[in-house]
Amino acid sequence: MVLPIDDPDAALYAVGQVAAMLHVQVAFLRRLDEQGVVVPGRSAGGQRRYSRREIDRVAALVKLISEGLTLEGARRVLDLLVRVEELEADLDRARGQ
């Protein structure tokens, strides 16, 4: 049986929980959502709910920003990393692996 907690895309964590886990301000998470950088799911009541995959993305953004990148620069880096993974998977499939 697969439980929601096993699914990295299950939106389980409230904005306050994520802020506490990553030592960031709730306002920072809201800004990421408003700018479309990390858009969490919403509960039935409209509250933000984050998945483990979204939490990992926020953590990666925080790390890149702490290293001196702007938010937009960090976003581009992460988007490019996702694209590289997609291209590598395509190449593996084309090679029959």
Side-chain angles (χ1 to χ4, degrees):
M1 173 170 49
V2 177
L3 299 173
I5 197 163
D6 297 324
D7 180 358
D9 294 310
L12 301 174
Y13 302 92
V15 68
Q17 292 173 305
V18 176
M21 279 189 259
L22 300 178
H23 307 288
V24 298
Q25 297 293 318
V26 170
F28 175 71
L29 296 172
R30 288 185 183 129
R31 190 171 113 208
L32 294 179
D33 184 10
E34 291 164 2
Q35 294 184 3
V37 179
V38 178
V39 181
R42 298 284 178 153
S43 69
Q47 296 179 334
R48 291 173 177 87
R49 293 285 187 251
Y50 290 81
S51 68
R52 287 195 328 259
R53 194 175 315 273
E54 291 160 343
I55 293 169
D56 289 344
R57 184 168 169 90
V58 174
L61 286 165
V62 169
K63 183 178 184 305
L64 290 168
I65 291 167
S66 74
E67 292 174 355
L69 272 69
T70 63
L71 176 57
E72 184 57 31
R75 177 186 190 169
R76 295 242 333 127
V77 167
L78 293 183
D79 289 347
L80 289 170
L81 288 173
V82 168
R83 184 66 180 133
V84 167
E85 288 175 7
E86 292 169 352
L87 291 171
E88 286 175 342
D90 289 348
L91 186 57
D92 287 344
R93 279 190 296 279
R95 289 181 176 159
Q97 296 178 355

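The first residue in the sequence is number 1, and the count goes up from there.
Among all heavy-atom pairs drawn from Leu61 and Arg75, the shortest one is CD2-N, 3.9 Å. Closest of all the heavy-atom pairs between Ser51 and Pro8 is CB-O, 3.2 Å. In this structure, Ile55 and Tyr13 approach most closely via the heavy-atom pair CD1-CD1, 3.6 Å. Here the closest heavy-atom approach between residue Val37 and residue Arg57 is recorded as O-NE, 3.1 Å. Closest heavy-atom contact between Phe28 and Val62: CE2-CG2, 3.9 Å. In terms of heavy atoms, Pro40 sits closest to Val38 at CD-O, 3.3 Å.
Under the side chain to side chain contact (heavy atoms under 4.5 Å, CB included) criterion, Ala19 pairs with Val24, Val26, Leu29, sequence neighbours left out. A search for side chain to side chain contact (heavy atoms under 4.5 Å, CB included) contacts involving Glu85 returns nothing, not counting sequence neighbours. By the side-chain hydrogen bond (donor to acceptor under 3.5 Å, both in side chains) test, Asp56 is found to be paired with no residue, residues two or more places apart in sequence or in another chain being considered.
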Report, one line per pair, each donor and acceptor closer than 3.5 Å where one atom sits in a side chain of residues 88-95; sequence neighbours left out.
| from | atom 1 | to | atom 2 | distance (Å) |
| --- | --- | --- | --- | --- |
| Asp90 | OD1 | Arg93 | NH2 | 2.3 |

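In the hydrophobic clustering of ILVMFWY residues, with side-chain heavy atoms under 4.5 Å counting as a link, Leu32 and Leu81 come out together. A continuous path of hydrophobic side-chain contacts links Met21 to Ile65 [ILVMFWY only; heavy atoms under 4.5 Å].
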### Derivation and outcome, salt bridge (Lys or Arg N to Asp or Glu O under 4.0 Å), residues Glu67 and Lys63
CA-CA 6 Å; Glu67 292 174 355; Lys63 183 178 184 305; 2.5 Å; yes

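Pairs engaging residues 20-35 under the side-chain hydrogen bond (donor to acceptor under 3.5 Å, both in side chains) rule: Asp33-Arg42, Asp33-Arg48 [sequence neighbours left out]. Every pair passing salt bridge (Lys or Arg N to Asp or Glu O under 4.0 Å) that includes a residue from residues 2-23 is listed here, sequence neighbours excluded: Asp9-Arg53.
Here the straight-line distance linking atom CG of Leu12 with atom CD of Gln17 works out to 9.0 Å at 0.5 Å rounding.
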